[in-house]
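Notes to accompany the following structure.
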Amino acid sequence: MKELLEVIAKSLVENPDEVEVTERESGKTLVLELKVAPSDMGKVIGKQGRIAKAIRSVVKAAATREDQKVVVDILE
């Protein structure tokens, strides 16, 4: 899941070198934390959070195929 989130985020931003994805376990849930450059934050979130919601939907769908529960957090 970490790799999928990295690929999606790097394709959206202007500074792909500054994309960082960390993963941690929280009970039975996998938490993916996405960090991007401050100038790219708007590109990742989108108007009214539409892009962020789409990213979460894609990652959640991929996780469901592998019987996992995944949460995507976008950090500033």
Side-chain angles (χ1 to χ4, degrees):
M1 295 302 115
K2 180 179 177 180
E3 296 81 19
L4 174 63
L5 183 57
E6 278 182 14
V7 169
I8 293 170
K10 285 182 179 182
S11 67
L12 292 172
V13 299
E14 288 190 24
N15 302 314
D17 298 337
E18 294 190 41
V19 172
E20 264 183 61
V21 178
T22 55
E23 69 183 354
R24 62 181 166 85
E25 292 281 334
S26 178
K28 293 184 177 181
T29 304
L30 179 65
V31 178
L32 297 175
E33 296 175 337
L34 174 63
K35 237 184 210 181
V36 297
S39 60
D40 290 327
M41 190 60 71
K43 291 181 179 90
V44 172
I45 295 173
K47 287 187 180 178
Q48 298 179 347
R50 286 190 180 120
I51 294 176
K53 188 175 179 183
I55 291 171
R56 289 184 176 111
S57 295
V58 169
V59 172
K60 195 174 195 177
T64 303
R65 293 185 83 191
E66 297 180 12
D67 290 329
Q68 287 185 321
K69 183 165 168 41
V70 176
V71 175
V72 176
D73 286 338
I74 301 172
L75 306 177
E76 290 188 37

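Values below: all heavy atoms of this structure, side chains included; hydrogens, waters and symmetry mates excluded. Residues: numbered from 1 along the sequence shown.
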Legend entry - Non-neighbouring partners of K10 that pass side chain to side chain contact (heavy atoms under 4.5 Å, CB included), sequence neighbours left out: E6, P16, V19
Legend entry - Residues that E14 engages under side chain to side chain donor-acceptor pair (under 3.5 Å), provided they are two or more places apart: K43
Legend entry - Rounded distance (nearest 0.5 Å) linking atom CD1 of I45 with atom CG of D40: 11.0 Å
Legend entry - Any residue meeting side chain to side chain donor-acceptor pair (under 3.5 Å) with Q48, in chain and number order, not counting sequence neighbours: R50
Legend entry - Listed once per pair and sorted, the side-chain hydrogen bond (donor to acceptor under 3.5 Å, both in side chains) pairs that draw on residues 21-30, sequence neighbours left out: T22-E33, R24-E33
Legend entry - Side-chain touch L34/L75, heavy atoms, less than 4.5 angstrom: no
Inset, instruction - Go through the structure and list residues passing side chain to side chain contact (heavy atoms under 4.5 Å, CB included) with V7, not counting sequence neighbours. - result: none
Legend entry - hydrophobic_cluster_shared for I8 and V31, side chain cutoff 4.5 Å: no
For residues 62-74, run the donor-acceptor check on the side chains, cut-off 3.5 Å, and write out each pair with its distance to 0.1 Å, sequence neighbours left out.
| from | atom 1 | to | atom 2 | distance (Å) |
| --- | --- | --- | --- | --- |
| T64 | OG1 | K60 | O | 2.8 |

Legend entry - For S39, all residues meeting side chain to side chain contact (heavy atoms under 4.5 Å, CB included), sequence neighbours excluded: N15, A37
Legend entry - Counterpart residues, salt bridge (Lys or Arg N to Asp or Glu O under 4.0 Å), relative to E18 (two or more places apart): none
Inset, instruction - State yes or no: do V13 and L5 share one hydrophobic cluster built from I, L, V, M, F, W and Y residues joined by side-chain heavy-atom distances below 4.5 Å, directly or via other members? - result: yes
Legend entry - Smallest separation among heavy atoms of V36 and V44, with atom names: CG1-CG2, 3.9 Å
